[in-house]
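Reviewing the structure listed below.
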Amino acid sequence: MKWDKRDAVFQDPAKIHAINHRGTHFSVSGPLDIPVTPSTRPLLVQVGASQAGMEIAARHADIVYAVPHDIETAVQYRQTLRDMARGHGRDPDSIKVLTGITPYVGRTHDDAQKLYDTYNSLIPPELGLSYLYAQMGDLSAFPLDGPVPEPTDARVRSIANNLLKLAREKNLTIRELYGVIAAGFGARVSISSAQGLVDEMQAWLEAGASDGFNICPPLLPLELDRFIDLVIPHMRARGMLPSFPAGTGLRRRMNLPEA
């Protein structure tokens with residue numbers, strides 16, 4: 001049978017069969033109503049840097065989404081994950097770590113800083129604290145312009161620890177920290193010219209801190225358009241964006257072995 005997008009023919013009903021799975025954790029009649037992927041198994045993506053999360057990733061994940069805020073932490077995290085994968089008999093290169101980055105980018109660094117400051121000036125304290133609550137618990141009893149205390153009720157402990165480390169290293173107040181949270185929602189924030197951002201990304205790749213990046217624009221679609229217009233040309237000029245034939249699957253684009 002040939003798929004036909006124009007006539008909305010995506011499956012052969014004669015080849016669809018009920019799964020009728022009955023197991024310990026769930027039961028399902030099925031069938032799955034989407035086509036089989038070219039590699040037969042979809043990519044497995046893991047998020048979370050706790051010991052338990054890393055153990056799951058080392059055993060099963062193809063892609064790991066991580067949010068370290070400095071290159072040293074990122075290098076250590078990626079190397080530890082690769083060592084754990086090797087311990088489970090896996091090729092470390094079969095796991096790709098994508099680090100999150102929220103870019104505030106301009107033609108110059110001053111342009112980028114003005115963009116960041118403009119967006120942050122729109123954050124009322126109540127909203128800023130609510131962002132912080134999602135990461136580190138309720139800090140409303142502490143002075144906004146005072147130091148950041150230990151997390152009280154962190155939902156994701158690894159993110160809370162990263163943010164506390166960032167606050168201590170840069171001597172950030174609670175107000176300044178929730179500005180970072182609001183700016184990047186937990187991901188690393190980069191305020192830079194387009195060329196400076198590409199320099200930074202290349203440095204992370206060459207240091208072994210990352211296999212690639214999950215770009216988290218601060219405002220859609222405006223900042224995604226800005227990233228495409230300003231940053232992508234610099235990346236292409238350095239060969240950081242390889243070209244693939246039309247129809248190339250994500251697994252091949254990620255340079256991952258076929259499942």
Side-chain angles (χ1 to χ4, degrees), residues 47 49 63-78 96-124 127-128 131-132 135 148 159 162-244 253-255:
V47 180
I63 297 171
V64 178
Y65 176 46
V67 288
H69 286 262
D70 61 84
I71 193 169
E72 292 80 10
T73 300
V75 169
Q76 182 179 10
Y77 171 82
R78 180 173 175 271
K96 302 300 181 185
V97 177
L98 302 188
T99 52
I101 180 171
T102 298
Y104 289 79
V105 64
R107 296 190 181 281
T108 67
H109 185 277
D110 286 346
D111 289 342
Q113 186 66 55
K114 288 177 182 176
L115 182 69
Y116 176 86
D117 292 342
T118 297
Y119 285 159
N120 260 17
S121 69
L122 302 176
I123 306 169
L127 182 61
Y131 288 149
L132 205 53
Q135 308 291 345
V148 178
I159 293 179
N162 281 339
L163 292 173
L164 182 62
K165 178 182 177 183
L166 177 68
R168 297 283 169 81
E169 287 178 348
K170 296 192 174 183
N171 197 29
L172 300 180
T173 65
I174 291 177
R175 190 191 304 274
E176 290 168 333
L177 184 61
Y178 76 53
V180 173
I181 292 283
F185 289 96
R188 179 170 58 95
V189 172
S190 179
I191 306 169
S192 180
S193 67
Q195 182 172 338
L197 177 61
V198 177
D199 288 343
E200 180 182 329
M201 295 167 71
Q202 187 170 11
W204 278 55
L205 293 173
E206 293 176 352
S210 179
D211 295 296
F213 301 93
N214 187 13
I215 305 300
C216 311
L219 181 66
L220 290 171
L222 181 62
E223 297 310 323
L224 180 58
D225 291 341
R226 193 192 306 271
F227 183 90
I228 293 172
D229 292 342
L230 298 182
V231 179
I232 292 298
H234 287 281
M235 296 182 70
R236 290 199 184 282
R238 300 190 195 188
M240 295 172 66
L241 287 176
S243 298
F244 294 94
R253 289 175 181 271
M254 296 291 297
N255 195 27

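For this chain, numbers begin at 1 and follow the sequence in order. These figures come from a predicted structure and were not determined experimentally.
Of the possible polar contacts, one joining the D211 side chain to the V97 backbone as a donor-acceptor pair under 3.5 Å is found. Looking only at distances, no side-chain donor or acceptor of R253 sits under 3.5 Å from a matching main-chain atom of F244. Remark: side-chain polar atoms of E169 are not paired, donor with acceptor, to backbone N or O of L166 under 3.5 angstrom.
How far CD1 of I191 is from CG of D110: 11.5 Å, rounded to the nearest 0.5 Å. The distance from atom CZ of F227 to atom CD1 of I101, rounded to the nearest 0.5 Å, is 7.5 Å. One finds the OH atom of Y104 at 6.0 Å from the CG atom of N120 (value rounded to the nearest 0.5 Å). For the atom pair CE (M201) and CD1 (I215), the distance works out to 4.5 Å, reported to the nearest 0.5 Å. Interatomic distance, CG of N162 versus NE2 of H69, reported as 5.5 Å (0.5 Å rounding). For the atom pair L177 CG and K170 NZ, the distance stands at 11.0 Å (nearest 0.5 Å).
Considering only heavy atoms from C-beta on, L132 comes within 4.5 Å of I174 through its side chain. The closest side-chain heavy-atom distance from V67 to T99 is not below 4.5 Å. Here the side chains of D70 and K165 are in contact, with some heavy-atom distance below 4.5 Å. With a 4.5 Å cut-off on side-chain heavy atoms, Q113 and T108 do not count as touching. Within the 4.5 Å cutoff, side-chain heavy atoms of D199 are placed close to those of R238. The side-chain heavy atoms of P68 and Y77, taken from C-beta on, include no pair separated by under 4.5 Å. For the pair F213 and L205, the minimum side-chain heavy-atom distance is below 4.5 Å. Using a 4.5 Å heavy-atom threshold, the side chains of Q195 and V231 count as separate.
Judged by a 6.0 Å distance limit and a 45° cone about the ring axis, R188 is positioned over the six-membered ring of W204.
Using a 3.5 Å distance cut-off with no hydrogens or angles, the side chains of S190 and E200 do pair a donor with an acceptor. Side chains of Y119 and E223: a donor on one and an acceptor on the other come within 3.5 Å. Residues Q202 and E206 bring a donor and an acceptor atom of their side chains to less than 3.5 Å of each other.
When every heavy atom of S192 is checked against every heavy atom of H109, the shortest pair comes out as CA-CD2, 4.0 Å. Closest approach of I71 to A207, counting heavy atoms only: CD1-CB, 3.7 Å. Summarising the geometry of V105 relative to L230, their closest heavy-atom pair is O-CD1, 4.4 Å, with the distance given to 0.1 Å. Heavy-atom minimum distance, A183 versus V189: CB-CG2, 3.9 Å. Here the shortest heavy-atom pairing between Y65 and C216 reads OH-SG, 3.6 Å. Contact between I63 and M254 at its shortest, heavy atoms only, is CD1-CE, 3.8 Å.
With a 6.0 Å radius and a threshold of 12 heavy atoms from other residues, nucleotides or ligands, N255 has its CG atom at or below the threshold.
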